[in-house]
Engineer: 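Pasting a structure below so you can have a look.
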Amino acid sequence: MSKGLVEVENLKKYYPVTAGLLSRHVADVKAVDGVSFYIMEGETLGLVGESGCGKSSLGRTLLRLEEPTAGRVLYKGSDITRWDKRQLKELRKEAQMIFQDPQSSLDPRMTIGDSIGEALLIHSIGSEKDRLERVEELLKRVGLEPEHAMRYPHELSGGQKQRVGIARALAVTPKLIVADEPVSALDVSVQAQILNLIMDLQRELELAYLFIAHDLAVIGQVSDRIAVMYLGQIIELADRTELFSHPLHPYTEALLSAIPLPDPHQKRERILLQGEVPSPVNPPPGCRFHTRCPRVMKLCRQELPTLKLLEGNHLVSCHLYG
Ligand code: SF4
């Protein structure tokens, strides 16, 4: 039975490392290493982890902007890892991406109107007049003016450019959006406006999001469920309230301890992790977090824990549990 709009099964994305004059394949960067989850229609799944943990690669591979090394991605029950070019073009109408850097995701030579209308043109949607009307409607919907259609990206602020990025993603009326750090390049004052816009659009258009960010506080504002990623693997996944009130994995505990409490009189002990994130080319044996874990045991250095379902909807990968 289908679990949702998207089901990801044991997905892997490795990037080959080559060396020498003959570019011999010597190793792999294991950016995504056996990840499984689902996203329901109209739901936001937050994906959080430090930079370099593989979350952006996961988002891109899920949409087949990059080819998976192994595993399956089921969209409405059909495995898109086997889809041909024609089918992938259809997928682009249903599943879109919002990028971190709105500046580099817009062509500096194209007007804002042309950038937003590009996807409509590619998919031959509507007449020229229909497309112009749709661009105007989208600009208004994301809080810009119809006049912005004639401007170029360099004439807009960072927040306005990200609004254009959102309008571009919405142009083809998708059901799923992968939002890859959509607010991390913006000023704090603008971040809240863009997050509100993203959430308003979800309610209005019943969108499903995979919302990627390195900041658990941001993820907590928008997500229904949250997946925590470390070195290419999901190490905890739970409903937002459950994760914030009962974090189980020591890595999640450390991430949560860095978020200031709303009441300034209350204090939370900050858990400072020692050491660097190990290389995804050669992850540590056993639990990948054991080199930094404050609760490491002998077993952790020998055996890789698997993601286990505990009470309710709470999954965790740690030898302390189950
Ligand atoms: Fe820490 Fe061991 Fe749990 Fe890994 S398995 S998170 S090292 S306690």
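We use all heavy atoms of the structure for the numbers below, so side chains are in, but hydrogens, waters and symmetry mates are not. One-based numbering, in listed order, for ligands and for the atoms of each.
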Engineer: Starting at CG of L63, measure out to CD1 of I80 and round the result to the nearest 0.5 Å.
Structural biologist: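 If I round to the nearest 0.5 Å, the distance is 7.0 Å.
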Engineer: Measure the distance from atom 8 (S) of ligand 1 to every protein heavy atom, then report the residue, atom name and distance (to 0.1 Å) of the closest one.
Structural biologist: R295 O, 3.5 Å
Engineer: Do F37 and L47 touch side chain to side chain, with heavy atoms closer than 4.5 Å?
Structural biologist: no
Engineer: Taking H123 for the side chain and E90 for the main chain, is one N or O donor matched with an acceptor at less than 3.5 Å?
Structural biologist: no
Engineer: Inspect the contact between R288 and E303 and indicate whether a charged nitrogen and a carboxylate oxygen are less than 4.0 angstrom apart.
Structural biologist: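 No, no charged N to carboxylate O under 4.0 Å.
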Engineer: Among all protein non-hydrogen atoms, which one is nearest to atom 5 (S) of ligand 1, and what is the separation to 0.1 Å?
Structural biologist: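 Result: H319 N, 3.2 Å.
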Engineer: For C318, which part has a heavy atom under 4.0 Å from ligand 1: side chain, backbone, both, or neither?
Structural biologist: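 Both the backbone and the side chain of C318 come within reach of ligand 1.
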Engineer: Which of the numbered atoms in ligand 1 are below 4.0 angstrom from a heavy atom of C293?
Structural biologist: 1 (Fe), 6 (S), 7 (S), 8 (S)
Engineer: I'd like to check L11 versus R72 (side-chain heavy atoms, cut-off strictly below 4.5 Å). Are they in contact?
Structural biologist: no
Engineer: For H249 together with F289, are the ring centres under 6.0 Å from each other?
Structural biologist: yes
Engineer: Which of the numbered atoms in ligand 1 are below 4.0 angstrom from a heavy atom of C300?
Structural biologist: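 Those of ligand 1 that fall under 4.0 Å from C300 are 2 (Fe), 5 (S), 7 (S), 8 (S).
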Engineer: Under a 4.0 angstrom heavy-atom cut-off, which atoms of ligand 1 come close to L320?
Structural biologist: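 Here the atoms of ligand 1 in question are 8 (S).
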Engineer: Using heavy-atom distances, let me know which of E253, H249, R292 sits nearest atom 6 (S) of ligand 1.
Structural biologist: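 Closest candidate by heavy-atom distance is H249.
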Engineer: Look at the N, O or S atoms of H290, main chain and side chain alike, and state whether any lies under 2.8 Å from atom 1 (Fe) of ligand 1.
Structural biologist: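 False for H290.
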Engineer: Considering all heavy atoms of both residues, which atom of L186 and which atom of G159 are nearest to each other, and what is their separation?
Structural biologist: CD2-N, 3.9 Å
Engineer: Counting each atom of ligand 1 from 1 as listed, which ones have a heavy atom of C287 under 4.0 Å away?
Structural biologist: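 Per the distance check, 4 (Fe), 5 (S), 6 (S), 7 (S).
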